[in-house]
Structure formats: structure tokens, C-alpha cells
Amino acid sequence: MSGISYGTYEPKTKIGKWMDERLPLGRMLYVQFVDFPTPRNLNYWWTFGGILSFCLVAQIVTGVVLAMHYQPSADMAFDSIERIRRDVNFGWLIRNLHAVGASMFFIAAYIHIFRGLYYGSYKAPREVLWIIGVLIFLVMMATAFMGYSLPWGQMSFWGVTVITNLFSSLDSIWKGLGTTIVEWLWGGYAVTGATLNRFFSLHYLLPFVLAALVALHLWALHVVGQNSPTGLDVKTPSDGVPFTPYATSKDAVGMFAFLLLFSWFAFFLPDYLGHADNYIEANPLVTPPHIVPEWYFLPFYAILRAIPSKLMGVIAMFAAIGVLLFVPWLDTSRVRSTKYRPIYRWFFWLFVFSAVALGWLGSKPPEGDYVFWARVFTFYYFAHFLIVMPLVGWLETPLKVPGSITEAVLGKEQGAKPAPAKT
Amino acid sequence: MAIDAEEPDRRDFLVLAASAFVAVGGAMTLWPFIQQMNPDAGAQALASIEVDLAPVKEGQAITVLWRGKPVFIRHRMPEEISAATAVPMKDLIDEFARNDALPEDALATDLNRTKQGHENWLIMVGICTHLGCVPKGQAQGDSKGDFGGWLCPCHGSHYDTAGRVRKGPAPRNLEVPVYDFVSDTKIKIG
């Protein structure tokens with residue numbers, strides 16, 4: 001990025017030197033994760049990137065272990081999960097960590113996304129970084145969806161039925177197209193063991209696709225540098241601090257707090273975020289009276305149900321994520337951080353409220369007032385991106401943005417001088 | 001004579017032919033990897049089942065499994081039949097019969113949804129045409145929706161006593177599979 005550096009990499013040992021001339025892995029890690037200039041004003045909302053990396057690794061490790069005991073067949077899947085919980089040594093722990101871990105992964109991802117939206121982390125030159133982030137979010141959702149099918153309970157089965165049937169809406173564009181796709185996904189004329197087996201295979205594959213996307217995300221981040229709460233970049237050495245120990249230790253504090261929450265759920269409320277009906281084995285003849293997806297899909301589920309037409313509902317649901325791809329160009333504001341945007345700030349919190357309200361409405365039955373409010377918030381969800389972002393950015397006069405990160409932290413006078421020595 | 005670079009030469013032909021070969025070969029290699037996911041011959045085999053209707057009294061309903069899908073069989077009461085017959089076509093969301101035994105453009109009259117002489121029997125695939133849930137309305141205590149037929153619990157589609165969608169997000173009437181009366185009290189589905 002800006003060529004700022006706080007130290008140099010000098011391999012000390014003979015082996016280190018030998019390696020450095022052949023594959024400078026240590027040098028790369030030093031430059032990117034020790035010496036890398038990090039804005040000095042980062043707050044705790046910035047610790048969620050590291051937390052998310054941890055979540056991915058934790059899901060892969062616990063998932064690989066679970067796959068050693070799980071049977072991906074319609075006859076045995078449900079029982080094998082119960083066996084993992086009751087019989088396998090520490091199976092209860094690893095299974096809980098994996099199931100709760102998925103929810104924790106999404107909590108962290110949503111905070112990370114809202115942080116990016118608040119501080120304008122998608123604005124130039126971070127468009128590609130943001131778009132890779134949206135792709136990560138999409139692959140995460142696909143992975144979580146397939147993972148939820150594996151216990152083969154009633155919610156697993158009917159969740160898969162409803163969501164795969166979304167594609168049958170394409171029948172109204174081209175007759176038979178949707179049905180062909182759905183039967184191809186199922187490998188039959190209904191959701192069966194064949195469907196379960198392929199979902200297991202893909203559920204094992206996708207986390208590694210995620211890992212590759214995360215590597216690209218980090219690469220793009222380290223090319224353009226981190227955004228900061230002021231929306232300013234690191235321009236001079238005094239704007240930043242070396243990544244290690246400053247950012248790593250702050251990340252560790254955030255991670256510790258996050259792990260407390262994680263452990264609380266994993267040890268005391270392992271099933272709180274799931275649904276009781278998923279402890280009934282899948283039955284293709286009986287739909288549970290009230291199908292709900294996992295909590296992290298509820299806002300999108302509410303959008304799907306808010307639209308009375310099947311095809312339009314499906315389009316709106318996918319568009320709710322797709323619209324994020326265009327955010328870098330929809331936001332017309334001259335400043336990045338919402339901290340300096342007195343009008344947009346209100347709309348931002350209205351958007352957060354809408355998203356949470358949609359989540360709550362998604363858990364309610366699709367009738368009466370719930371449908372009305374789901375439509376109101378669905379309207380605002382899209383209006384925020386398509387109307388508010390372009391219009392407010394254009395109309396609003398932002399507050400005065402400090403000249404640099406140093407100035408924002410130390411004030412105008414000290415900004416030019418080094419920080420005063422302690423007495 | 002000078003060589004004209006604009007003219008396609010032997011090399012151009014070879015590059016083009018090789019590229020085409022790779023493209024066709026690539027597509028041919030890809031195909032098995034796509035096709036392997038489709039239902040195999042075993043799943044495709046048109047399994048047919050016979051169902052004995054004798055124990056199903058008027059007003060009762062049973063659900064049987066056919067090709068992995070639930071099939072609703074309802075022994076309709078006279079008032080249910082007359083209610084379904086009385087509905088004008090313009091009140092329907094989907095005006096086609098969706099009866100696999102009839103042409104695609106057959107209208108969704110009550111007669112077209114059943115078999116002549118057996119109008120008291122309504123036989124349909126019990127899968128909501130919205131997103132594939134199994135509608136409620138078969139069991140005794142179930143809500144039958146606003147039109148006395150079926151109510152899909154997932155997204156609130158209401159079906160009438162002829163299994164036609166009347167309200168909600170479902171785009172089509174419940175599908176009527178191919179079936180025949182083997183005797184007066186026995187049918188063969190498929």
C-alpha cells in the first residue's frame with residue numbers, strides 16, 4: 001500500500017536465510033501480519049475480521065471430526081447425529097460447537113457487514129474487497145443451508161424442500177425449466193436420500209471454497225489498506241501502528257469476549273438457536289405446522305413471503321443480497337464514514353431496524369398484520385439502497401472531516417508533531 | 001509473390017480446429033458430471049400403486065405415498081362437490097385443470113379435476129405448487145382453509161374442495177396424477 005514500514009525482516013538463523021532465498025514465506029508473513037500499518041484509531045468493531053477467520057477454521061476442524069462419525073444416508077443420518085451426541089467420546093461437545101458455531105459465524109458476519117456499511121468500507125478503492133465479501137456471504141449461506149439439512153430432522157427436510165422449490169418458480173419464465181432444475185438438484189421427484197448425500201458432499205467442499213475466497217478478501221484488504229472509523233486511510237507513519245502487537249492484541253481481546261458468548265451457547269444453550277422440530281426424524285408425508293429457517297436466514301425469508309407472486313418473491317429474496325454488490329456505486333456521498341454524515345446516520349439505523357424487524361417477522365406465520373409489516377420493511381430494505389443511498393449522499397452536507405487519522409486522534413496542533421513524551 | 005497475412009493460412013486452421021476440438025471435448029467431459037445428478041432409471045421407473053378405496057367413508061380422506069410424493073385421496077360429500085361445481089371460472093387463480101390425463105388447456109372445472117361417474121373421489125398430488133409443502137386438510141382436526149379444501153401451512157395458500165388454489169402465493173392448482181378405476185372401489189395410480 002503506501003510503502004509505510006516500521007521495521008525490516010532479517011532472518012536470524014542459517015536455515016531462515018536459506019529458506020528466505022528460496023521461498024520467502026516468513027518474509028511475507030512478517031510484512032503482512034507484523035509490520036503491516038494498521039490505523040491507530042480502530043475500534044472494537046474492527047476485531048470481527050479476525051473473529052470470522054477463527055469461525056471458519058473452527059467450523060472446518062469440528063466439521064471434519066463430525067464427518068468421521070456421520071452417516072449421510074436417509075435411513076441413518078438422524079440416528080447417527082444422536083449417536084454423536086450420546087455415544088461418541090466428546091461428540092456432544094464437538095457437535096454443539098459446530099451447530100452453535102454456525103450461528104456465531106453469522107452473528108460475526110452480520111456485525112462485520114453492518115460495520116462496513118456504517119464506515120463506508122465499500123467505497124473506492126475497496127470495491128473489489130467488498131464484492132469478494134458479498135460472495136463470501138453467499139457461499140456461507142449455501143454452506144449453512146446444506147449443513148442444516150444433514151441432521152435429517154423435520155426442519156431439515158422441509159427447509160430443503162421449500163428452498164430447492166424456489167427454483168421451480170422459473171417454470172413461469174420457460175415452461176419446465178424450473179422443474180428440470182429442481183429434479184436435477186434432488187436426484188429424484190422429491191427430496192430423498194440422494195439429495196442428502198450430495199448435500200453432504202457439497203457441505204464438505206464449500207468451506208474450502210470459502211477459505212480460498214477469504215484469502216482473496218485478505219489479499220485485496222492488504223493491497224488497499226484498512227479503512228478506519230474516520231473513513232480516512234493511513235497516509236503517514238503516525239497515522240498507523242504496526243499490526244503486531246497492536247492490532248493482534250486488540251483482536252485477541254475482542255476474540256476473548258466473543259468466545260465467552262460462544263461458550264455460553266455451546267455449553268448452556270446448545271439448542272436454543274435451533275428448532276425443536278428438528279429432533280423429529282424427517283417425514284415426507286407431514287409438513288410441520290410452521291416452517292422456519294435458521295434465524296440467520298429469517299430476514300430474507302420474510303422478504304420472500306412479503307411478495308405475493310412466487311417468481312417475484314424469489315427474485316426479491318436473491319436481489320436483497322445481490323443489491324449489496326452495487327453498494328459501492330449506489331452511495332454517492334463524498335465522505336466514507338457515517339460519523340460525518342448527520343442525515344444518513346438516521347437512515348442507517350432505520351435500515352438496521354428494518355433488517356432486524358424483517359428477521360422477527362420471518363419467524364411469524366405469514367398472515368394478517370405480519371404480512372403488512374413485512375411489506376413495509378421489505379420496501380424500506382430496497383429503498384435504502386436504491387433511493388436513500390444515492391439521494392442522501394447527493395443532498396447532504398457532511399460534517400468537517402479531520403485532515404488525517406493523526407489529527408483526528410491527537411487534535412490539530414499535535415497532529416503535525418510527534419506525540420508528547422510521558423513524564 | 002508476397003505472403004498475405006490477412007489470408008487464413010494452415011496455422012489458423014490448425015488453431016481453430018484444435019480449439020473447437022477442445023471445446024467439444026470439454027463439453028462432452030462435463031456432461032456426465034451434470035447428468036449424474038439427475039434421477040436415475042430406478043427413480044424414473046414409473047412405479048404404479050393400487051389403492052383400495054372401500055374403507056374410506058364419505059367425508060374421510062387418506063394420504064398414500066407414490067413416487068416419493070404424498071397423494072391425497074378425499075371422499076367428498078355432496079355439498080363439497082356442489083360448492084366446487086358452483087365456482088365460476090373467472091374466480092380461479094389458475095383456470096387450467098392440471099390433470100395429467102387431460103390436455104394442457106382443459107379448464108379447471110370440477111368435472112375435469114375428477115373422473116366421470118366418480119366425482120365423489122378427488123385424487124391429487126398433495127404437494128403445494130408454491131414451494132412444495134404438504135398442505136393441511138387431510139386429518140380430522142386440520143384447518144381446511146377459507147374454501148373448505150386444504151391450507152398450506154408454509155406460506156398460506158388456500159385450496160378449495162376441488163384442490164384449486166383460491167388464495168395465497170401458489171401459482172397452480174394441485175396436480176391430478178394419471179389414475180384409473182380398476183374396479184368401483186379400487187384405483188391404480190401411475
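The shown structure was predicted, so the numbers you read here are calculated from the model rather than taken from an experiment. Residue numbers start from 1 in every chain, and the chains themselves are labelled A, B, ... in the order their sequence lines are given, proteins ahead of strands.
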Contacting moiety of [X], where chain B heavy atoms sit under 4.5 Å:
| X | answer |
| --- | --- |
| A/Trp184 | both |
| A/Tyr301 | side chain |
| A/Leu304 | side chain |

Tell me whether [X] at atom [atom1] has more than 12 heavy atoms from other residues, nucleotides or ligands lying less than 6.0 Å away.
| X | atom1 | result |
| --- | --- | --- |
| B/Met28 | CE | no |
| B/Gln35 | CD | yes |
| B/Glu104 | CD | no |
| B/Phe181 | CZ | yes |
| A/Tyr279 | OH | yes |
| B/Trp121 | CH2 | yes |

| CH2/A/Trp186 to CE/B/Met37 distance, rounded to the nearest 0.5 angstrom? | 12.5 Å
| said: How long is the straight-line distance from CZ of A/Arg305 back to NE2 of B/His130, given to the nearest 0.5 Å? | reply: 10.0 Å
For each of [options], tally heavy-atom pairs with chain A at distances under 4.5 Å, and name the one with the top tally.
| options | value |
| --- | --- |
| B/Cys154, B/Cys152, B/Ser143 | B/Cys154 |
| B/Pro171, B/Pro153, B/Pro135 | B/Pro153 |
| B/Ala170, B/Gly132, B/Gly168, B/Pro169 | B/Gly132 |
| B/Thr129, B/Ile127, B/Thr63, B/Val134 | B/Val134 |

| query | Checking B/Lys69 side chain against A/Pro284 main chain: does a donor-acceptor pair fall under 3.5 Å? | reply | no
| Quick one: of A/Pro365, A/Gly188, A/Pro308, A/Ser309, who has the most non-hydrogen atom pairs under 4.5 Å with chain B? | A/Gly188
| query | Does the side chain of A/Thr161 reach to within under 4.5 Å of the side chain of B/Leu131, using non-hydrogen atoms? | reply | no
| At their closest point, which heavy atom of A/Val286 faces which heavy atom of B/Lys136, and how far apart are they? | CG1-NZ, 4.3 Å
| note | When every non-hydrogen atom of A/Ile291 is compared with those of B/Cys133, the smallest separation belongs to CD1-SG, 3.7 Å
| Proximal component of B/Gln36, with respect to chain A [non-hydrogen, under 4.5 Å] | backbone
| request: Against chain A, label B/Ile34 side chain, backbone, both or neither, depending on which of its atoms sit under 4.5 Å from a heavy atom there. | output: both
